[in-house]
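The structure presented is a predicted model; accordingly, all values stated were derived computationally and were not measured. Numbering of ligands and ligand atoms starts at 1, following listing order.
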Amino acid sequence: MAFDFITEQVAAQKSQARYRQRVCLQTADDFAEQQSTRILVAGKPYTNFSSNDYLGLNNHKEINKAMEEGVARFGLCASASSLVTGFHYAHQALEDKICQWLNKPRCLIFTSGFSANVALFQTLGQEVGKDSAHFFLDKLSHASMLDGAFSSKAKVKRFAHNNTEQLAQLLSNSSAQNKLIASEGVFSMDGDQAKLSELANIAKKNNAWLYLDDAHSIGVIGEQGQGSASVLTHPKQANITMATFGKAIATSGAFLACDESLHDYLINFARHYIYSTAISPALAWATIKSIELIQRQQWRRDKIIELSALFIELLDSSIEIIPSASSIHAIIIGDESKALNVSEQLKKQGIWLTAIRPPTVAVGSSRLRVTICASHNRSDINHLANHLNKALCK
Ligand SMILES: Cc1ncc(COP(=O)(O)O)c(C=O)c1O
């Protein structure tokens with residue numbers, strides 16, 4: 001039969017405890033004030049520790065109001081791709097806001113972070129052959145970076161996670177004219193940070209560009225939430241920064257910030273940008289409001305730091321957790337079934353904590369990825385730590 005592999009492969013996922021399913025979040029009258037830290041699934045309320053709404057801005061009144069204003073002024077839909085007639089005043093205003101926030105010359109808005117990543121690697125690696133362009137990616141780079149890089153014509157090398165010595169070695173062996181080092185700022189499944197100053201030095205020494213995927217850093221790291229490049233002596237040391245709006249910024253879409261010439265090049269050659277409808281202008285307008293709140297409300301970043309410290313303090317010292325200065329705290333379990341089992345036990349206590357399994361993470365490193373958000377409170381953290389200790393320290 002045609003496409004037999006479909007049923008075979010789904011059955012294999014089930015037999016390996018890797019089967020994936022969606023859950024539908026419900027609404028109810030007494031849940032009218034929707035928050036991503038309180039969810040209702042199959043009629044039961046849970047405290048959510050698997051949300052990427054790190055700053056607790058989802059459903060913020062001012063952002064919702066800006067969205068309504070945006071709909072009234074520009075309409076909900078862009079109604080064309082950016083190069084036709086889909087580039088509205090709201091998009092320009094959002095690009096300007098991001099450039100000023102990150103101190104970057106130019107910025108381009110994409111429909112998603114996945115699309116921005118694929119666009120960047122495919123476009124930079126489209127003309128030049130394997131020998132003239134080399135991409136160097138951290139082993140733990142997001143699927144969208146890998147897909148973009150491997151589907152380009154450039155040669156792709158991966159270095160062991162945060163192993164800057166290996167990276168330096170790979171670069172010194174490369175004779176390519178065009179070299180790009182790529183890393184996440186905060187790693188999505190581990191929560192640790194890239195060694196940015198070292199990456200910037202290696203890039204400079206080898207005449208390479210540095211590309212940062214700041215999906216999990218934007219809003220959370222830096223004095224005004226500008227992301228991981230804010231730790232560098234100059235933001236230009238990271239040549240290109242990508243971040244999604246779908247996590248701490250709490251809207252949807254993504255941006256790539258870069259210099260004028262790359263901006264021009266992407267507008268002319270990035271297929272994901274050229275042949276796709278621009279994001280909703282109303283959403284762009286709401287995103288500007290979200291960034292304004294992120295810049296001024298330091299208390300949200302402080303709260304993540306305070307609650308994260310409390311969590312580490314309360315967690316039994318025998319539990320293996322990856323050190324993190326972000327919202328993400330990864331507890332490595334190892335086996336898929338065991339991770340699922342702990343996740344199920346926690347559900348019985350009203351805690352939602354999705355087990356992360358291969359292929360999202362390496363085989364043998366299934367984990368519980370706890371995200372601590374500004375909208376959690378101290379008693380949520382107490383409850384979580386208490387039940388994790390019970391489940392993991394029997
Ligand atoms: C590191 C990283 N990059 C890119 C993306 C993709 O962003 P988006 O959800 O906007 O497509 C994600 C989201 O899961 C991510 O974790």
Going by the order shown, which atoms of ligand 1 are within less than 4.0 Å of some heavy atom of [X]?
{"X": "Glu184", "value": "1 (C)"}
{"X": "Phe114", "value": "6 (C), 7 (O), 8 (P), 11 (O)"}
{"X": "His216", "value": "1 (C), 15 (C), 16 (O)"}
{"X": "Gly113", "value": "6 (C), 7 (O), 8 (P), 10 (O), 11 (O)"}
{"X": "Ala215", "value": "1 (C), 2 (C), 3 (N), 15 (C)"}

Determine whether His329 and Ile372 make a side-chain contact, defined as any pair of heavy atoms from C-beta on separated by less than 4.5 Å.
->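 A side-chain contact exists here, since the closest heavy-atom pair is under 4.5 Å.
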Tell me which part of Ser188 gets within contact of ligand 1: side chain, backbone, both or neither, using heavy atoms under 4.0 Å.
->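 Only the side chain of Ser188 comes within reach of ligand 1.
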What part of Asn52, side chain, backbone, both or neither, has a heavy atom within less than 4.0 angstrom of ligand 1?
->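 Neither; no heavy atom under 4.0 Å.
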Are the ring centres of His376 and Phe49 closer than 6.0 Å?
-> yes
Ring centers of Phe121, Tyr211 separated by less than 6.0 Å = yes
Considering non-hydrogen atoms only, spot the tightest contact between Thr164 and Ile202 and give its length.
->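 What the structure gives for the nearest pair is O-CD1, 3.5 Å.
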Answer yes or no for Lys247: is there a heavy-atom contact with ligand 1 below 4.0 Å?
->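 Checking ligand 1 against Lys247, which is what was asked, there is a heavy-atom contact under 4.0 Å.
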Proximal candidate to atom 15 (C) of ligand 1 [heavy atom criterion; set His142, Met189, Met242] =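 Ranked by closest heavy atom to atom 15 (C) of ligand 1, first place is His142.
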Please confirm whether the backbone N or O of Ala374 pairs with a side-chain atom of Lys303, one donor and one acceptor, at under 3.5 Å?
-> yes
